[in-house]
2 protein chains.
Amino acid sequence: MPTPHYGQPRYRAIADELRRRIENGVIPPGALLPAESTLTAEFRAARGTIRKAIATLRDEGFAATEQGRGTYALSHLDSAKSGDAVEKKTSLRTVPASAEIARVLGIETGSLLVEKQTILRRHGIAYSLTREYRIPPG
Amino acid sequence: MPTPHYGQPRYRAIADELRRRIENGVIPPGALLPAESTLTAEFRAARGTIRKAIATLRDEGFAATEQGRGTYALSHLDSAKSGDAVEKKTSLRTVPASAEIARVLGIETGSLLVEKQTILRRHGIAYSLTREYRIPPG
DNA sequence: AGAAATTTGTCCGTATGTATC
DNA sequence: AGATACATACGGACAAATTTC
């Protein structure tokens with residue numbers, strides 16, 4: 001079989017279809033997507049093509065994958081079902097830069113950074129932890 | 001030839017090597033990386049493996065690719081290229097929870113979390129790194 | 001202007017490794 | 001321990017964009 005991809009590539013069309021299913025609730029948040037082998041059969045595409053489609057969804061934040069387990073749908077636009085109050089707690093501290101973070105910020109490992117931590121809770125239960133690192137002024 | 005990847009995958013090792021060359025100025029910002037066919041010969045890896053390594057560098061902001069042309073080296077210490085706007089780069093991955101984060105979120109250490117990382121740059125210089133951790137649904 | 005060469009993009013098939021169930 | 005599912009790697013083929021002649 002030849003490999004034409006006139007117009008839109010197949011992996012993108014497949015990603016579009018899977019994204020639709022997630023947004024429409026056909027695959028609800030938290031549910032596993034069909035296995036790669038299953039999708040291979042359904043779309044009649046090679047595994048590499050299926051994997052590229054799923055990678056697209058990961059990049060977009062629609063899905064997350066765990067080796068040996070599967071790929072599950074994420075709730076992309078929440079976490080507002082609010083009305084119920086969201087409690088937000090922010091704290092500041094100074095921390096040394098890890099090697100990983102230092103590389104991204106283009107500074108030396110161990111340099112001091114300002115870390116702003118935000119914890120989001122609902123009904124007293126923390127569901128999100130955010131840490132922002134910045135190079136201190138001066 | 002078998003296809004083992006004990007320890008670190010080959011594509012990551014290749015990405016590390018190329019990143020080193022960019023950071024060390026062996027491949028200066030704006031210069032083209034060797035063609036995929038050339039890298040295939042040098043590292044004796046399949047083209048897909050080379051492409052995966054380059055994709056890693058793209059995600060990290062060390063390179064940019066144009067079809068029919070090649071892959072350019074970038075530098076986050078380099079200005080130019082984009083205007084005065086703030087460049088925002090978001091990536092998503094799953095990571096095990098550190099003890100500290102696990103405590104805050106009330107989960108077990110090592111549990112898998114979804115990490116959304118956002119890097120803010122201006123004039124090509126990263127000045128803010130944000131990491132948000134959430135418990136995956138399901 | 002046109003054709004050929006170069007380079008990246010997509011797709012297929014297969015095999016093996018690694019993590020989870 | 002076996003089955004299932006994702007991860008890595010190989011090799012080959014054709015498509016599309018750019019450069020070169």
Side-chain angles (χ1 to χ4, degrees), chain A residues 1-18 27 30-59 62-74, chain B residues 1-18 27 30-59 62-74 91-97 108-114 136 138:
Chain A
M1 204 187 318
T3 312
H5 53 281
Y6 305 108
Q8 180 168 256
R10 297 200 59 199
Y11 77 85
R12 212 175 301 170
I14 295 172
D16 289 346
E17 172 58 26
L18 293 177
I27 305 175
L32 284 174
L33 271 67
E36 292 174 357
S37 57
T38 305
L39 295 173
T40 292
E42 176 185 346
F43 291 102
R44 266 149 233 223
R47 222 189 121 205
T49 304
I50 298 295
R51 284 179 61 74
K52 187 125 206 241
I54 291 177
T56 301
L57 297 182
R58 265 200 307 272
D59 289 344
F62 285 95
T65 301
E66 294 175 24
Q67 179 173 357
R69 178 170 292 202
T71 298
Y72 45 85
L74 295 179
Chain B
M1 204 179 333
T3 312
H5 51 281
Y6 305 107
Q8 182 170 247
R10 297 201 60 198
Y11 77 86
R12 212 177 303 169
I14 295 172
D16 289 345
E17 172 57 26
L18 293 177
I27 305 175
L32 284 172
L33 272 66
E36 293 174 358
S37 57
T38 306
L39 296 173
T40 290
E42 176 184 346
F43 291 103
R44 265 158 234 202
R47 204 181 144 211
T49 304
I50 299 295
R51 285 179 61 74
K52 188 130 206 240
I54 292 178
T56 300
L57 297 182
R58 267 201 307 273
D59 289 345
F62 283 96
T65 301
E66 293 175 25
Q67 179 172 357
R69 240 189 133 90
T71 298
Y72 295 94
L74 299 179
S91 56
L92 201 84
R93 60 173 174 169
T94 58
V95 297
E108 287 189 9
T109 302
S111 304
L112 283 177
L113 292 174
V114 176

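Below, chains carry the letters A, B, ... as their sequence lines are ordered, and counting in each starts from 1. Only this structure's heavy atoms are used, side chains among them; waters, hydrogens and symmetry mates stay out.
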Distance in angstrom units between A/I14 CD1 and C/dC11 C1', rounded: 10 Å
B/R58: side-chain contact (heavy atoms from CB on, under 4.5 Å) partners, not counting sequence neighbours: B/I54, B/A55, B/T65
Candidate pair A/L18 and A/L39, rule side chain to side chain contact (heavy atoms under 4.5 Å, CB included), full reasoning: CA-CA 10 Å; A/L18 293 177; A/L39 295 173; 4.2 Å; yes
Pairwise distance CD(A/E42) to CD1(A/I14) - rounded to 0.5 angstrom: 9.0 Å
Between N or O atoms, less than 3.5 Å apart, protein on one side and nucleotides 3-7 of chain C on the other: list the pairs.
none

Minimum-distance nucleotide (side-chain atoms of B/R10 versus D/dA9, C/dT10, D/dA7): D/dA9
Side-chain donor-acceptor distances from residues 45-53 of chain B under 3.5 Å, at least two apart:
from	atom 1	to	atom 2	distance (Å)
B/R47	NE	B/E36	OE1	2.7
B/R47	NH2	B/E36	OE1	3.0
B/R51	NH1	B/E36	OE2	2.8

Distance test, side-chain N/O of B/R51 to OP1/OP2 of C/dT8, below 4.0 Å: no
Phosphate OP1/OP2 of D/dA9 contacted by B/K52 side-chain N/O (<4.0 Å): no
Student check: side-chain heavy atoms of B/L32 and B/Y72 closer than 4.5 Å: yes
Between C/dG17 (P) and B/R12 (CZ): distance, integer Å: 18 Å
Atom pair CG/CG of B/D16 and B/L57 - distance to nearest 0.5 Å: 8.5 Å
Gap between atoms OH and P, on B/Y11 and C/dG17 respectively (whole Å): 18 Å
Whole-Å gap separating P (D/dA7) and CD1 (A/I50): 14 Å
All side-chain contact (heavy atoms from CB on, under 4.5 Å) counterparts of B/S37, not counting sequence neighbours: B/A35
A/E17: side chain to side chain donor-acceptor pair (under 3.5 Å) partners, not counting sequence neighbours: A/R20, A/R21
Residues in contact with DNA chain C, drawn from residues 39-49 of chain B - heavy-atom cutoff 4.0 Å: B/R47
